[in-house]
Amino acid sequence: MMFWRAAARTRFEAAHARRFRVDAQGIVKGAAGFTLPASTDRGIPRRAVLLLHGFNDTAQSMAYLGGKLQARGWTVRAPLLPGHGRDLATMARESRAARWREAALTEYDVLRREYDTVTVVGQSMGGALALLLATERAEIPALVLLAPYVGMPRNLQWKVLGAWIARLALPYLRSVGGETSIHDPVARAASLGPGVVTARTLTELRRVAEDAESALSRVWAPALYLQSREDNRIAAHDAEVHFATLGSADKRQEWLTGCGHIISADYCRDEVASLTADWLDAHVV
């Protein structure tokens, strides 16, 4: 069994290394976090937006949205979350719920020291992190939640259990459903997610998702909730329940069509960018 597991580890890691090239810092090329200074002078107050990408994804999935927000006068910061955008061994070792939450909080606090106003946009797990961040930083004036991964469906909870059983022979597992998370074939080909998970990383994702679900009623920041009706990760009913539970008095849910789960990069990316920018502009003078 140990020989089989070691051989599987070598096979997965070698395949990942062949698929992705890394820079001098060990980050997959194109996956690094980025900062975009505001391209228009809107005067005071100085404003910034923190973009948080999803589980098993990278800052690359937020690049298009970031560029659109920059053009609307926002300084944009999109960090690469711990354990993401690197080799599989690093992913397995560093992808932890506590580290993701700490990174989001730290990035926000750094921006807050420099800018008068900082808003937050999170996609998938990044949306869950945005919700948790809003419970710790009540001054956040606006949130945008892009298909937030809140709670974990029962069928996926069974998959987490199955992953722990499979771990006896397989240190890594293929992530299923990634091919339908982005409908646009060009955007899907450009994605830098590894398509590989471990029992531990799935468990950490569940922890963030469940914590965010528990926090929904304690989130008071004005919130825009964007969801695709063809989302392969989140059922429409679940999204409706989560939106209804959200504590914000000022909130709006918009439904998109023709795209999958990663809505910031898929066919509906222009609509996502427009709705996001309009919401943030309306809530930050």
Side-chain angles (χ1 to χ4, degrees), residues 50-57 61 79 81-84 91-108 120-138 140 143-167 173 175-178 181 193 196-221 223-228 231-248 251 253 260-263:
L50 176 63
L51 303 183
L52 299 172
H53 68 77
F55 172 76
N56 235 20
D57 208 341
S61 66
L81 294 173
H84 292 71
M91 178 269 289
R93 183 177 64 253
E94 298 186 4
S95 290
R96 298 291 183 268
R99 297 198 65 197
W100 298 331
R101 292 185 64 171
E102 180 183 7
L105 187 63
T106 298
E107 292 281 353
Y108 174 83
V120 184
V121 178
Q123 179 161 255
S124 189
M125 185 187 75
L129 292 172
L131 287 165
L132 292 168
L133 182 58
T135 66
E136 299 186 72
R137 295 294 182 266
I140 294 175
L143 294 175
V144 179
L145 308 170
L146 309 180
Y149 199 84
V150 179
M152 182 171 277
R154 188 171 300 276
N155 66 317
L156 289 181
Q157 293 189 32
W158 281 109
K159 288 182 180 179
V160 174
L161 177 60
W164 279 103
I165 296 172
R167 183 177 178 271
L173 297 169
S175 178
V176 297
S181 289
V196 175
V197 297
T198 71
R200 171 58 66 187
T201 60
L202 286 175
T203 300
E204 298 297 321
L205 169 63
R206 182 176 64 186
R207 180 170 290 118
V208 170
E210 291 177 347
D211 286 349
E213 186 173 37
S214 297
L216 280 169
S217 62
R218 295 183 284 109
V219 173
W220 304 108
L224 175 65
Y225 193 125
L226 302 183
Q227 187 75 37
S228 170
D231 193 308
N232 61 308
R233 302 291 189 188
I234 301 167
H237 172 73
D238 290 340
E240 290 170 348
V241 170
H242 294 147
F243 174 73
T245 309
L246 192 60
S248 310
K251 61 182 180 180
Q253 189 169 40
H261 182 57
I262 312 301
I263 56 178

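Since the structure is predicted, the reported quantities are computational estimates derived from the model, not experimental observations.
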Chemist: Kindly say whether G260 contributes a backbone atom to a donor-acceptor pair with the side chain of N232 at under 3.5 angstrom?
Modeler: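 Not confirmed, N232 side chain does not pair with G260 backbone.
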Chemist: Under a 3.5 Å distance rule, please check whether Q253 uses its side chain to pair with a backbone N or O of A239 as donor and acceptor.
Modeler: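 Between the backbone of A239 and the side chain of Q253 there is a qualifying donor-acceptor contact (under 3.5 Å).
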Chemist: What I want to check is whether the side chains of H261 and S228 have a donor and an acceptor closer together than 3.5 Å.
Modeler: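 No - no donor-acceptor pair under 3.5 Å links their side chains.
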Chemist: Return yes when atom CD of E102 has more than 12 non-hydrogen atoms of other residues, nucleotides or ligands closer than 6.0 Å, and no otherwise.
Modeler: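 Counting neighbours around CD of E102, 12 or fewer heavy atoms of other residues, nucleotides or ligands fall under 6.0 Å, so no.
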Chemist: State, with a plain yes or no, whether a side-chain heavy atom of I263 is found less than 4.5 Å away from one of L226.
Modeler: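 In short, these two side chains touch, coming nearer than 4.5 Å.
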Chemist: Could you check V120 against L129 for side-chain contact (heavy atoms from CB on, under 4.5 Å), going step by step and ending with a plain yes or no?
Modeler: CA-CA 10 Å; V120 184; L129 292 172; over 6 Å; no
Chemist: For A215 and L132, work out which heavy atoms get closest and say how close.
Modeler: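 Distance-wise, the nearest heavy atoms are CB-CD2, 4.0 Å.
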Chemist: Hey, are the side chains of L146 and V144 touching, using non-hydrogen atoms and a 4.5 Å cut-off?
Modeler: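 Yes, side chains in contact.
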Chemist: Please report the closest heavy-atom contact between T201 and A92, naming both atoms and the distance.
Modeler: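 That closest heavy-atom pairing would be CG2-CA, 4.3 Å.
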Chemist: Got a second to check how far R99's CZ is from T106's OG1, nearest 0.5 Å?
Modeler: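 Answer for the CZ-OG1 pair, R99 versus T106, is 10.5 Å.
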Chemist: Without swapping roles, check the side chain of T203 against the backbone of A199 for a donor-acceptor pair under 3.5 Å.
Modeler: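 Yes, the answer is positive, given that a donor and an acceptor are paired below the 3.5 Å cut-off.
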Chemist: First locate atom CG of L133, then atom CG of L52, and finally report the distance between them rounded to the nearest 0.5 Å.
Modeler: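 One finds 7.0 Å between CG of L133 and CG of L52.
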Chemist: Would a distance-only check, ignoring hydrogens and angles, find a side-chain to backbone donor-acceptor pair under 3.5 Å from H84 to P82?
Modeler: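 Flag set: sc H84 to bb P82 pair under 3.5 Å.
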Chemist: Using atom types as modelled and distance alone, determine if a side-chain donor or acceptor of S214 lies under 3.5 Å from a backbone N or O of E210.
Modeler: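 Looks like yes, one N/O pair under 3.5 Å.
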Chemist: Do you know which two heavy atoms are closest between I234 and P148, and how far apart they sit?
Modeler: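 Between these two residues, the closest heavy atoms are CD1-O, 3.2 Å.
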Chemist: Check S61 against I262 and note the closest heavy-atom contact, atom names and distance.
Modeler: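 Closest pair (atom of S61, atom of I262, distance): CB-CG2, 4.1 Å.
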Chemist: For L173 and T198, what are the C-alpha separation, side-chain angles and deciding distance, and is it a side-chain contact (heavy atoms from CB on, under 4.5 Å)?
Modeler: CA-CA 6 Å; L173 297 169; T198 71; over 6 Å; no
Chemist: Please answer whether the main-chain N or O of A221 pairs with a side-chain N or O of S248 as donor and acceptor at a distance below 3.5 Å.
Modeler: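 Flag set: sc S248 to bb A221 pair under 3.5 Å.
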Chemist: Is there side-chain contact between T245 and V150, with at least one heavy-atom pair below 4.5 Å?
Modeler: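 No, too far: nothing below the 4.5 Å cut-off.
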Chemist: If you compare all heavy atoms of V219 against all heavy atoms of A134, which two are closest, and at what distance to 0.1 Å?
Modeler: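 It is CG1-CB, 4.1 Å.
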Chemist: Supply the atom-to-atom distance L51 CG to E107 CD, rounded to the nearest 0.5 angstrom.
Modeler: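 With rounding to 0.5 Å, CG (L51) is 11.0 Å from CD (E107).
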Chemist: Are L202 and F55 close enough, and set up right, to give a side-chain contact (heavy atoms from CB on, under 4.5 Å), and what steps lead you there?
Modeler: CA-CA 9 Å; L202 286 175; F55 172 76; 4.3 Å; yes
Chemist: Can you find a heavy atom in the side chain of L143 that is under 4.5 Å from one in the side chain of L224?
Modeler: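 Of all side-chain heavy-atom pairs linking L224 with L143, none is under 4.5 Å.
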Chemist: At what distance, to the nearest 0.5 angstrom, does NE2 of H237 lie from CD of E240?
Modeler: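 Taking NE2 in H237 and CD in E240, the distance rounds to 7.5 Å.
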Chemist: Looking at Y225, does the NZ or CZ of K251 lie under 6.0 angstrom from its six-membered ring centre and within 45 degrees of the ring axis?
Modeler: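 No, cation not above the ring by the 6.0 Å, 45° rule.
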Chemist: Does one side chain, of Q123 or H53, offer a donor that lies under 3.5 Å from an acceptor on the other?
Modeler: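 The criterion, which ignores hydrogens and geometry beyond distance, is not satisfied for H53 and Q123.
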Chemist: I'd like to know if R101 pairs up with E136 as an ion pair, taking the criterion as any Lys NZ or Arg NE/NH1/NH2 lying under 4.0 Å from an Asp or Glu carboxylate oxygen.
Modeler: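 Here R101 pairs with E136 in a salt bridge, since their nearest N and O are under 4.0 Å apart.
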Chemist: Which heavy-atom pair separates Q227 from A147 by the least distance, and what is that distance?
Modeler: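 For Q227 versus A147, the nearest heavy atoms are OE1-CA, 3.4 Å.
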Chemist: For the backbone of S95 and the side chain of W100, can you confirm whether one donor and one acceptor N or O come within less than 3.5 Å of each other?
Modeler: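 Not a single qualifying donor-acceptor pair exists.
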Chemist: Can L216 and F243 be said to form a side-chain contact (heavy atoms from CB on, under 4.5 Å), step by step?
Modeler: CA-CA 8 Å; L216 280 169; F243 174 73; over 6 Å; no
Chemist: Drop me the distance from D238's CG to E213's CD, to the nearest 0.5 angstrom.
Modeler: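 Rounded to the nearest 0.5 Å, the CG-CD separation comes out at 8.5 Å.
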